[in-house]
Amino acid sequence: LNVGWIDSNDKLEYSLLVEESGTYILDSRCASLDGGGKFDFLQDGTVLTTVNIDSTSGWQTWDNFQSDTFYLEAGVYTFTIDVQFGGFNINYFDFKKVN
């Protein structure tokens with residue numbers, strides 16, 4: 001399953017639990033025929049990082065795109081994917097703690 005037909009100015013919002021404070025990257029599994037997609041990842045309205053989506057050569061041809069690092073405190077927060085440039089699908093995203 002995936003979120004498809006993502007266009008510029010679309011927003012996806014999630015309430016998520018951060019179990020451990022630390023430095024993270026956002027690993028996003030996305031597909032895009034032409035590339036050029038871009039979204040900001042926000043925590044409670046503050047931009048944490050930006051992810052650029054390159055072409056994967058198909059709408060169901062998946063690749064992982066990683067963000068720069070950002071810091072999160074433990075707790076429950078509202079996270080938003082704020083799409084700057086559309087033209088991609090999202091299969092999932094995952095926080096990965098950086099050691």
Side-chain angles (χ1 to χ4, degrees):
L1 300 176
N2 66 153
V3 178
W5 303 97
I6 295 175
D7 294 318
S8 299
N9 301 312
D10 282 351
K11 293 183 185 347
L12 305 168
E13 192 170 273
Y14 303 89
S15 293
L16 299 171
L17 168 65
V18 177
E19 293 182 356
E20 185 178 354
S21 297
T23 302
Y24 290 83
I25 60 169
L26 181 68
D27 187 26
S28 305
R29 187 161 174 82
C30 300
S32 176
L33 181 63
D34 299 318
K38 177 180 176 179
F39 66 85
D40 291 333
F41 188 73
L42 296 84
Q43 174 190 1
D44 293 331
T46 300
V47 175
L48 296 176
T49 192
T50 299
V51 178
N52 294 296
I53 309 299
D54 297 325
S55 173
T56 62
S57 301
W59 294 113
Q60 294 293 304
T61 305
W62 303 98
D63 201 355
N64 287 47
F65 298 92
Q66 294 184 339
S67 73
D68 292 332
T69 60
F70 53 92
Y71 185 82
L72 294 174
E73 289 285 339
V76 176
Y77 301 98
T78 299
F79 292 97
T80 305
I81 293 175
D82 185 5
V83 179
Q84 304 305 306
F85 301 106
F88 60 95
N89 299 334
I90 296 178
N91 182 230
Y92 65 81
F93 62 90
D94 190 22
F95 296 104
K96 292 191 176 179
K97 195 161 189 282
V98 177
N99 293 329

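Below, each value reflects all heavy atoms present in this structure, side chains not excepted, and no hydrogens, waters or symmetry copies.
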Practice problem: For side-chain contact (heavy atoms from CB on, under 4.5 Å), just list the numbers for F41 and I81, CA-CA rounded to whole Å, side-chain angles, deciding distance to a tenth of an Å, and then say yes or no. | Solution: CA-CA 5 Å; F41 188 73; I81 293 175; 3.9 Å; yes
Self-check item: Partner of F39 under side chain to side chain contact (heavy atoms under 4.5 Å, CB included), chosen from T50, I53, D10, D82
Solution: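 Of all the options given, the one that passes is I53.
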Test your reading of the model: is there a side-chain donor-acceptor pair from [X] to the backbone of [Y], 3.5 Å cut-off?
X   : Y   : value
T23 : V98 : no
S8  : G86 : yes
S32 : G87 : yes

Testing the basics here: between [X] and [Y], what is the closest heavy-atom pair and its distance to 0.1 Å?
X   : Y   : answer
S15 : T78 : OG-OG1, 4.0 Å
C30 : F88 : SG-CD1, 4.4 Å
A74 : S21 : N-OG, 2.8 Å
G22 : K97 : CA-CE, 4.0 Å
L1  : N91 : O-ND2, 2.8 Å
V51 : S67 : CG2-CB, 3.8 Å

Practice problem: Provide the full list of salt bridge (Lys or Arg N to Asp or Glu O under 4.0 Å) pairs with a residue in residues 47-74, sequence neighbours left out, each pair given once. | Solution: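 Not a single pair qualifies under salt bridge (Lys or Arg N to Asp or Glu O under 4.0 Å).
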Quiz item: Which residue pairs pass the salt bridge (Lys or Arg N to Asp or Glu O under 4.0 Å) test with at least one member in residues 40-53, sequence neighbours excluded?
Solution: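 Of all non-adjacent pairs touching residues 40-53, none passes salt bridge (Lys or Arg N to Asp or Glu O under 4.0 Å).
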What is the distance from atom [atom1] of [X] to atom [atom2] of [Y], rounded to the nearest 0.5 Å?
X   : Y   : atom1 : atom2 : value
D27 : I25 : CG    : CD1   : 5.5 Å
N52 : K38 : CG    : NZ    : 6.0 Å
L26 : T49 : CG    : OG1   : 7.5 Å

Quiz item: Would V83 and W5 show up in the same hydrophobic cluster when neighbours are defined by side-chain heavy atoms closer than 4.5 Å?
Solution: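 In one cluster: no.
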Quiz item: So, do Y92 and N64 sit near enough that their side-chain heavy atoms are less than 4.5 Å apart?
Solution: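 The answer is yes, as the side chains (C-beta and beyond) meet within the 4.5 Å cut-off.
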Quiz prompt | All pairs passing ring-ring contact (aromatic ring centres under 6.0 Å, His included) where residues 48-78 contributes a residue, at least two apart | solution =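 The answer is none; no pair qualifies.
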Exercise. Using a cut-off of 6.0 Å, state whether more than 12 heavy atoms not belonging to E19 lie near its atom CD.
Key: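 It does not: E19 CD has 12 such atoms or fewer within range.
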Self-check item: Option passing ring pair (Phe, Tyr, Trp, His ring centres under 6.0 Å) with Y14 (candidates F79, F95, F93)
Solution: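 Per the ring pair (Phe, Tyr, Trp, His ring centres under 6.0 Å) rule, the option paired with Y14 is F93, out of F79, F95, F93.
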Self-check item: Residue pair R29, N2: steps toward the side-chain contact (heavy atoms from CB on, under 4.5 Å) verdict
Solution: CA-CA 10 Å; R29 187 161 174 82; N2 66 153; over 6 Å; no
